[in-house]
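First comes the structure, then the notes that go with it.
Owing to the predicted nature of the structure, the values given are computational and were not obtained by experimental measurement. In listed order, ligands and their atoms are each counted from 1.
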Amino acid sequence: MATAKPKYYITTPIYYVNARPHLGHTYTTIAADAMARYKQMRGFDVLFLTGTDEHGQKVERSAKKNEESPIDFVDRVSAEYRDLWKHLGLRVDRFIRTTETRHAHAVQHLFREIQNNGYVYKGHYEGNYCVSDEMYIDDSTPGATCPECGRVTERVKEENYFFQLSKFEKPLLNYYEQYPEFIQPEARRNEIISFVRGGLRDLSISRSTFSWGIPVPDDPKHVIYVWLDALANYITALGYGASAGQADAGQAGDAKYKKYWPADVQMIGKEIVRFHCVYWPAFLMAAGLPLPKSIVAHGWLLFEENKMSKSRGNIVRTETILDVLGADALRYFLLREVVFGQDGSFSFDALVQRYNSDLANGLGNLASRTLAMITRYFKGEVPYPSNSVSRTPADQAIAKLAERTIADFNALFEQFHFSRALEAAWALVAAVDKYIVENEPWALAEKQDETSRARLATVLYTSAEALRIVTVLAHPVMPEATTRIWTQLGLGEIAQVPLPDLRWGQLPLGTKVGKVEPVFPRADKSAIERMQKMEDQERTPAAARAATAAAPPAVEDKDKKEDVGRRASSPGHPGTGQAPQTPAQPTPTTPPSATAQSPTAAPATDPKITIDDFAKIELRVAQIKVAEKVKGADKLLRLEVDLGTETRQIVAGIAEAYAPESLIGRKVVIVANLAPRKLRGLESNGMIVAASLEGGKPVLAAFLEDVPNGARLK
Ligand code: MSP
């Protein structure tokens, strides 16, 4: 009797639908997809879950801003996520939406279970709340900023249901102690342990001042706190709660829940560790349910040195890369370039460079040269590695390295060390390349003697066998490209290759190779330009408005209003004779008028600037930390401003308009990429943007909503 396959259940966070998907979301989903494919090849019965988080105040507000009903809004943005995963070819088994009726019933069931077990009481919450993170804030000082995102919190005063989180302090600490692998990596584990040791307060698990959520059972004035609703998706997606008697709980009942829960891996970004490693296990403990085996947190994808996020306005769309280089190039880049667990930068330059070095010149080149030589010298049949006379230590060395690569790759991949695993596999590619160059099969092919022919067979067999091994190992990371190489190698179904059995020497002799076609054509510089242009176009106000999700950033409309009858001035460089800067010019919403010129080059007589001109000016939000008068200069203030990633000194000509003490803590807009200059012996790094009123004093540009330090204005 065949033994049943062991199960493997892997999840990603469910993404908020307040904004459309970007590369940050894609990163987690690709990493989980690669692991799911890997585990499948290792013989597991894999279930891979992702989905969308559709309730809560943030989503409700985004829908309102967009002048849509919440349900129409969430339907549309959720579909974008689902379509993108499809387009990327991800092997998602279940895509959950928290607006599904059966999810709602199951969450209510979970709420009741926790309530019945005595962990819920009614009370009043008065304190601060960050709508962007849907998070209660410990600091209850009015106007306190959110420790996560830096936005100003909102005051909440309402009747709530509370969860006795405080009761779980000890049980959680015991659990972390007993199961060290529960929180990965180690740094996150330590962080959580010290957070819990610091003491846990009871947590409000309902809201009663808005209605976009799942009603609390028997008290529909309240909706269930969006994080309890969202975290529950990991079990409701499997049918948890389905046997609790709901009519439409799904035909499959809770069979999947019984089979797949607890999850083997719950992959998340590092900013939501507390929700997953404190609240989630406490909710499960309170309901008497098993806990997931591990929560694995990765770092952030950075773009232009900041976390890629919609609110910072520095997102890159996945579709752009898909269109130009394809899904596999992106998958390889993200998993090879970013050390999983740490922050990693994304840039189009680095992407194309990696693509060319590792894929076009690396694996792609190895595949095409090896297969082309087999086609040419052996009529397309994998040759016999001949007798021992034709073997050399170099062949042996490749075989040995390949065996070691298989072992290393597996050990590293299992531990989520994707980058090092790929590095190990590519060390084999490099070794085989060198081996081919040193053994000169093309020269051997010129000779007609038997030894040379036998030697040629051995060299090509060795190369093809190494190619087969790298291709199998790389399959979870690049499913499409490796399938094509596999077909060219004349082999069957790559996804069915059992990884635990992978060994050197399994390439069947005489295999008829397929038609040799390039898998990774070299990308030239224009690929970078094309991707950059696609993103720039996406960022024009017109495109942003046409795009889905939330209303266009306030700054665009604001710029338009301020532009009327006013001129932005440069008080950072007063009286220097420098040409006035116009940093706050609105970006054009229509292309330049129909002339024959290129769309990026405006004619000299046209006073309008192009989007590319505008993009050269780096406008950022900065917070004033220090402000003082400059001795002997009536108009100048010396400021120190916080740009999120650094503090800078700026000397600004605003002393007549602003008392230094009135500026502390104020958020301003600065031109961040201006060359430094000296004023009264002080170095000024950038300038502050203000409106200059005819004959009046400068007025600093400001925001109505709170914006994080360092956010770029576009
Ligand atoms: N809805 C919650 C999660 C609920 S899970 C029960 C949420 N959603 S989110 O849309 O903000 O997505 C956050 C997740 O998206 C991160 O934890 C991470 O997995 C991924 N990422 C979003 N931006 C990212 C980067 N810039 N870099 C890496 N991952 C990023 O939080």
Side-chain angles (χ1 to χ4, degrees), residues 10-33 35 49-59 62 74 77-78 80-81 84-85 95-99 103 107 110 130-135 146 148-149 151 188 213 224-237 263 265-281 283-284 292 295-318 334-335 337-347 416 549-550 708:
I10 183 165
T11 67
T12 71
I14 49 170
Y15 305 111
Y16 284 130
V17 288
N18 67 305
R20 49 199 312 206
H22 60 69
L23 206 54
H25 307 113
T26 300
Y27 175 54
T28 317
T29 321
I30 280 178
D33 179 88
M35 189 49 102
L49 171 78
T50 188
T52 42
D53 187 354
E54 305 184 12
H55 287 134
Q57 205 166 10
K58 160 155 123 166
V59 170
S62 293
V74 300
V77 184
S78 175
E80 283 201 41
Y81 273 93
L84 179 60
W85 302 156
F95 183 97
I96 189 170
R97 299 185 54 190
T98 54
T99 47
H103 169 76
V107 170
L110 179 66
C130 172
V131 177
S132 180
D133 288 309
E134 296 284 12
M135 181 165 92
C146 169
E148 275 304 321
C149 66
R151 289 183 182 83
R188 303 284 157 232
I224 293 173
Y225 175 40
V226 66
W227 270 101
L228 173 53
D229 165 349
L231 288 161
N233 93 87
Y234 300 131
I235 52 177
T236 67
V265 166
Q266 303 215 251
M267 204 177 264
I268 57 170
K270 67 180 181 184
E271 79 290 351
I272 51 176
V273 168
R274 190 187 302 177
F275 296 99
H276 283 80
C277 301
V278 181
Y279 302 168
W280 178 223
F283 292 148
L284 289 168
I295 309 283
V296 179
H298 61 68
W300 288 335
L301 207 57
L302 312 178
F303 188 59
E304 294 164 347
E305 289 166 30
N306 284 310
K307 181 191 178 198
M308 192 181 288
S309 75
K310 180 185 167 264
S311 57
R312 283 187 187 270
N314 64 343
I315 56 165
V316 173
R317 293 172 320 127
T318 308
L334 291 176
L335 295 179
E337 190 86 4
V338 182
V339 174
F340 200 74
Q342 294 174 22
D343 292 352
S345 289
F346 175 84
S347 77
F416 303 94

### His22 side, atom NE2; Leu301 side, atom CG - distance, nearest 0.5 Å
9.0 Å
Considering only protein heavy atoms, which is closest to [atom], and at what distance to one decimal place?
| atom | result |
| --- | --- |
| atom 1 (N) of ligand 1 | Asp53 OD2, 2.7 Å |
| atom 22 (C) of ligand 1 | His25 CD2, 3.7 Å |
| atom 5 (S) of ligand 1 | Tyr234 OH, 3.4 Å |
| atom 18 (C) of ligand 1 | Thr28 OG1, 3.3 Å |
| atom 24 (C) of ligand 1 | Gly24 CA, 3.5 Å |
| atom 16 (C) of ligand 1 | Glu271 OE2, 2.9 Å |
| atom 27 (N) of ligand 1 | Leu301 N, 2.7 Å |

### Query
If you measure from the Lys or Arg side-chain nitrogens to the Asp or Glu carboxylate oxygens, is any gap between Glu54 and Arg97 under 4.0 Å?
yes
### Query
Does a salt bridge link Arg151 with Asp133, judged by any charged N lying under 4.0 Å from a carboxylate O?
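No.
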Relative to the heavy atoms of [X], which atoms of ligand 1 are at a distance of less than 4.0 Å?
| X | result |
| --- | --- |
| Leu231 | 6 (C) |
| His22 | 23 (N) |
| His276 | 5 (S), 6 (C) |
| Gly299 | 28 (C) |
| Ala230 | 6 (C) |
| Met308 | 23 (N), 25 (C), 26 (N) |

Please find the pair of heavy atoms, one from [X] and one from [Y], that lie closest to each other, and give the distance.
| X | Y | answer |
| --- | --- | --- |
| Met267 | Ala31 | SD-CB, 3.7 Å |
| Gly24 | Met308 | N-SD, 3.9 Å |
| Arg188 | Gly341 | NH2-O, 4.3 Å |
| Glu134 | Trp227 | O-CD1, 3.1 Å |

### Query
What orientation do Phe346 and Phe303 show, parallel under 30°, tilted 30 to 60°, or perpendicular over 60°?
tilted
Hey, is [X] touching ligand 1 through its side chain, its backbone, both or neither, going by heavy atoms under 4.0 Å?
| X | value |
| --- | --- |
| Lys270 | neither |
| Met267 | neither |
| Phe275 | neither |

### Task
Can you figure out which of Val17, Ile272, Ile14 has its heavy atom closest to atom 2 (C) of ligand 1?
Ile14
### Message
If you take the nearest heavy atom of each of Tyr16, Phe303, Tyr15, Tyr279, which one is closest to atom 31 (O) of ligand 1?
### Response
Tyr16
#### Entry: Side-chain donor-acceptor pair present, Gln266, Thr11, cut-off under 3.5 Å
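Yes, because at least one side-chain N or O of Gln266 sits under 3.5 Å from a partner of the opposite role on Thr11.
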### Query
Hey, does the side chain of Lys58 reach the backbone of Ser132 with a donor-acceptor pair shorter than 3.5 angstrom?
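Confirmed, Lys58 side chain pairs with Ser132 backbone.
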### Message
Could you go through Thr29 and Tyr15, starting from their C-alpha distance and side-chain angles, then the distance that decides it, and tell me whether this counts as side chain to side chain donor-acceptor pair (under 3.5 Å)?
### Response
CA-CA 10 Å; Thr29 321; Tyr15 305 111; 2.8 Å; yes
